[in-house]
There are 2 protein chains.
Amino acid sequence: MSIHKKQDPRALRTKKMLKNAVFSLLSENQDVAQLSVQKITSRAELNRATFYLHYEDINDLLSQIVQEIFDELSSKTEPLLQMKNLDKQEHLLGFLDYVYEYRKIFAVFIEHAEFKNSLFEFLKNVIHMRRSERNIATTENTVALEIMAASLLGIINWWIKDGIHYSSEYIAKQITSMYKKKPL
Amino acid sequence: MSIHKKQDPRALRTKKMLKNAVFSLLSENQDVAQLSVQKITSRAELNRATFYLHYEDINDLLSQIVQEIFDELSSKTEPLLQMKNLDKQEHLLGFLDYVYEYRKIFAVFIEHAEFKNSLFEFLKNVIHMRRSERNIATTENTVALEIMAASLLGIINWWIKDGIHYSSEYIAKQITSMYKKKPL
DNA sequence: TATTTTATCGACTATGTGTCTATTAAGCAA
DNA sequence: TTGCTTAATAGACACATAGTCGATAAAATA
């Protein structure tokens, strides 16, 4: 954030316009794979060469967008996780509420490998925090952290793509009733 | 199979060569998205125009490959599912063994939307069969079929992509110990 | 104001798609 | 075997896209 050396306002403006163009295009066709540098710069009303002054390729731009999404996700969910007196299901529900709020963005970006990885790491982190907080032994007899996270990722992926008519409350209930131990 | 009207042997040969070219290319770069009609026909040593005599586009070809993969998966796992005297975990293990055998193909094609959908439907079907077989009420108090299938899909996705050093036995054990009710 | 940085324009090479026509070759059926 | 049918090839076409380059104009800043 403030660590970065101050950038040329023209560069900042251009980058914002390119990102806005990406969201504008994605809101239409809902498909990351159909993006092209031409479409993005055309939508942003910028020259195509300008794109390459700021990003290596489309993936570079998408990576930075994903980074920003998860910076926000972390800053919004961390205070929730600090509240140790919350019920088992309230943490999960708080997270699912956030996912629901950004379900359209999530549904598009979940196809992007880096977004998927970030979400996976995020889930692992949250599960790990919850476990150590409740003093659950992480070495013996415990379901592997990664398998639990992969399972949750699968459910979230399904939810935002094909099952978004279910409420976050319902999903939270199903999840907690499915596992032997509460994941979040 | 034998229902189809007999096809021109030249067409059969061409289609087989194109499919082989796809597998050949995928064994090198492991990425469906990097395929092109030019690369495929060049690898198959066929004219590019010939491709369009048999397939609409790359997705059409991939769809037919995926179809064949699941035809084989079904024919190999169905006899296993008919054996009603098997232990809870043996069904799951038999399926995971099949996935392990074809893990390289699976890891590549799991990125393909149609493959993912087919696998999801397959999992739903198997869970449903197991449940009705064991007379589990599907309406009351039971975890939604789709959520369970989505969860398993997430685990399988993780396993074949990032956790294939774990044995199918270990994965089966983790899965059965994670859920309150055995999924398969 | 003078220097640096950014943005634009046009051009170029390269790869890819999908279609089309004409021609050659292989399969099949009377 | 001959003749019809279908498949495969070759080359061309218009079009979209990627990534780079040099020259020029415009904005930011020291």
Side-chain angles (χ1 to χ4, degrees), chain A residues 2-26 28-66 108 111-114, chain B residues 1-66 108 111-114:
Chain A
S2 50
I3 309 166
H4 301 347
K5 56 192 95 173
K6 55 194 165 203
Q7 284 188 288
D8 194 306
R10 290 169 295 177
L12 288 172
R13 180 175 169 272
T14 295
K15 285 194 241 178
K16 180 154 279 178
M17 286 167 82
L18 289 171
K19 286 172 190 168
N20 286 341
V22 167
F23 282 105
S24 171
L25 289 169
L26 289 179
E28 287 172 7
N29 62 17
Q30 302 291 318
D31 189 2
V32 183
Q34 284 186 347
L35 291 174
S36 75
V37 177
Q38 283 199 160
K39 287 180 190 169
I40 294 168
T41 52
S42 165
R43 176 63 56 99
E45 291 177 292
L46 291 168
N47 192 280
R48 196 165 62 88
T50 309
F51 179 94
Y52 295 100
L53 295 177
H54 302 284
Y55 304 104
E56 280 199 5
D57 50 29
I58 290 179
N59 217 51
D60 185 21
L61 198 173
L62 291 178
S63 292
Q64 296 191 31
I65 292 177
V66 168
V108 172
E111 294 300 321
H112 192 250
E114 197 166 327
Chain B
M1 312 276 180
S2 52
I3 310 165
H4 301 349
K5 56 192 93 169
K6 53 194 163 203
Q7 284 189 288
D8 193 305
R10 292 169 296 179
L12 289 172
R13 178 173 171 273
T14 295
K15 286 195 238 178
K16 180 154 280 179
M17 287 168 80
L18 290 171
K19 287 172 190 167
N20 286 341
V22 167
F23 283 106
S24 170
L25 290 169
L26 289 179
S27 70
E28 287 171 9
N29 61 18
Q30 301 291 321
D31 190 1
V32 182
Q34 285 186 348
L35 291 174
S36 76
V37 177
Q38 285 198 157
K39 288 179 189 169
I40 294 169
T41 51
S42 165
R43 176 62 56 100
E45 292 177 288
L46 290 169
N47 193 280
R48 197 166 61 89
T50 308
F51 178 95
Y52 295 100
L53 294 177
H54 302 284
Y55 304 105
E56 280 198 4
D57 49 30
I58 289 180
N59 216 51
D60 186 21
L61 199 175
L62 290 178
S63 292
Q64 296 192 30
I65 291 176
V66 168
V108 172
E111 294 301 320
H112 192 249
E114 196 166 326

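All chains are named by letter (A, B, ...) in the order of the sequence lines, taking the proteins before the strands, and each is independently numbered beginning at 1.
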In whole angstroms, how far is the [atom2] atom of [N] from the [atom1] atom of [X]?
X: A:Y52; N: D:dT20; atom1: OH; atom2: P; value: 8 Å
X: A:Q7; N: C:dT6; atom1: CD; atom2: P; value: 9 Å
X: A:Y55; N: C:dT6; atom1: OH; atom2: P; value: 13 Å
X: B:L25; N: C:dG16; atom1: CG; atom2: P; value: 11 Å
X: B:D57; N: C:dG16; atom1: CG; atom2: P; value: 16 Å
X: B:M17; N: D:dA7; atom1: CE; atom2: C1'; value: 13 Å

* Asked: Side chains of B:H112 and B:N59: is there a donor and an acceptor less than 3.5 Å apart?
  -> yes
* To do: Using a strict 4.0 Å threshold on nitrogen-to-oxygen distance, state whether A:E28 and A:K39 make a salt bridge.
  => no
Measure the shortest side-chain to side-chain distance between [X] and [Y] over non-hydrogen atoms and say whether it is less than 4.5 angstrom.
X: B:K16; Y: B:L12; result: no
X: B:V37; Y: B:Y55; result: no
X: B:T41; Y: B:L18; result: yes
X: A:L35; Y: A:L62; result: yes

Scan nucleotides 7-14 of chain C against the protein and return all N/O pairs shorter than 3.5 Å with their distances rounded to 0.1 Å.
| from | atom 1 | to | atom 2 | distance (Å) |
| --- | --- | --- | --- | --- |
| C:dA7 | OP1 | A:R10 | O | 2.7 |
| C:dA7 | OP1 | A:T14 | OG1 | 2.2 |
| C:dA7 | OP2 | A:H54 | NE2 | 2.5 |
| C:dT8 | OP2 | A:N47 | N | 3.2 |
| C:dT8 | OP2 | A:T50 | OG1 | 2.6 |

* In residues 30-40 of chain B, which ones come under 4.0 Å of DNA chain C, going by heavy atoms? -> B:S36, B:V37, B:Q38, B:K39
